[in-house]
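Please read these numbers as outputs of a predicted model, since none were measured by experiment. No hydrogens, no waters, no symmetry mates; every other heavy atom, side chains included, goes into these values.
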Amino acid sequence: MNLLTVSEAQSRLIDDVGPMPVERIALADANGRTLAEDLDALRTQPPFAASAMDGYAVRAADVQSVPVRLSVIGKAPAGHAFAGQVGPGEAVRIFTGAPVPKGADTIVIQEHTEKTEDGGVLVREATPIDRYVRPAGLDFALGQVLLRAGQRLDFRTLSLAAAMNHGTVPVRRKPVVAILATGDELVPAGGDPRPDQIIASNSHGVASLVADAGGKVFDLGIATDTVEVISASIHRARDAGADVLVTLGGASVGEHDLVRDALGENDFEMAFWRIAMRPGKPLMFGNTGPMKVLGLPGNPVSSLVCSLIFLVPLIRTMLGVAKPFPHEEPAVLGADVRENNVRQDYIRATLAHDAAGRTVATPRTLQDSSLLSMMAGAEALIIRPAFAPAARAGAPCTIIRL
């Protein structure tokens, strides 16, 4: 079987993937969720001309020649508008956020004033018209579309949605991603492995990426190397309504790589298998019924890199994100790299900046796909296309930040 290019595999990955159903949730529960529909403002903000400072609302014409004494005719705290009108020689004590009274057209900040013994105010600094006045609609206007479908809600956008007067928001349902580690050699973290066993680490990294991407993790634990046990775990995922099943290991060509056999017993339809990438060649994708299946390699770094390149974009597509694939940006090499072969490389690298301000990506010393310490210390992946020629330090390159 010929190896599929990364770009072709990514295209097939999302070819027939539609967005998740819409659900409406309280704004307080919406952090990290993805909008399903555009949101327009339900009010104008600010809804009135408001004071930007504590001070006095006055007529600009009255404070051009200073010092000048004005009569204080009332007070306007935030949330309590002054009902009257400011006339010649008059002022209203005002506080930040309060509506500017009728007749007033500027704010004299309190630092430029002094109270008089008879209850008036002495203005010591001239103030031009509209100074420290926030006009109505300065931030946004009623009906203005400010948040778009596919946008992920965070501290900034949630604050904006609240100011727009949305108590609930329409979001995409979180895709349920079932994660199944396979292998007799695996023991859960914190366990007591035999001398011939290792700790199952992949599922924790993959689960973190799923959650960060906006998915909901369903941990299936570790399946031993039998078709029956793996098949039973697949049934558990389907019965739980998982939208995606991620298998870790067992999808290669060895006698103990039994995931394909177990999937075959569950009407698995394969879309592709084996990708021209390093790390991560033995990657598999397809579906069993409505559930998508992504078979990741067992090597931990391969599993994490493939999750970044395939699993995260799959989840983001299900959430309606317009640009689901990792953002690529230019950099320069911090060390020489050798020529590449048929497989596109994702080289773990650290980042720095040179004297010209350019981002410098330096490959880590060891690139073996089993080395989690090298992955944990990396800040980016250098993308080396298939058949790329050898390149010297300082040559341009493309990176994905981690």
Check whether any side-chain heavy atom of V66 lies under 4.5 Å from a side-chain heavy atom of R124, and answer yes or no. no

Do D243 and R173 meet the salt-bridge criterion of a basic N to acidic O distance under 4.0 Å? yes

Single hit among V177, V210, L13 for side chain to side chain contact (heavy atoms under 4.5 Å, CB included) with L314: L13

Are side-chain N/O atoms of T288 and D267 paired as donor and acceptor at under 3.5 Å? no

Under the rule for side-chain contact (heavy atoms from CB on, under 4.5 Å), what residues qualify as partners of K75, not counting sequence neighbours? P77, R93, F95

Do N266 and S231 have a side chain donor and acceptor closer than 3.5 Å? yes

Do you know the tightest heavy-atom contact between P313 and I14? O-CG2, 4.4 Å

Do any N or O atoms from the side chain of N202 and from the backbone of G298 form a donor-acceptor pair under 3.5 angstrom? yes

Any side-chain heavy-atom pair of M277 and V305 under 4.5 Å: yes

With the side chain counted from C-beta on, respond yes when V206 and L296 share a heavy-atom pair under 4.5 Å apart, and no when they do not. yes

Going by distance alone, is a donor N or O of one side chain under 3.5 Å from an acceptor N or O of the other, for T34 and R152? no

Between D62 and L70, is there a side-chain heavy-atom distance shorter than 4.5 Å? yes

Going by heavy atoms in the side chains, are I179 and V217 under 4.5 Å from each other? yes

P19 side chain near L319 side chain, heavy-atom distance below 4.5 Å: no

Could you tell me whether the side chains of R12 and Q10 share a donor-acceptor contact shorter than 3.5 Å? no

Can you name the closest pair of heavy atoms from W273 and M284 and give their distance? CD1-CB, 3.6 Å

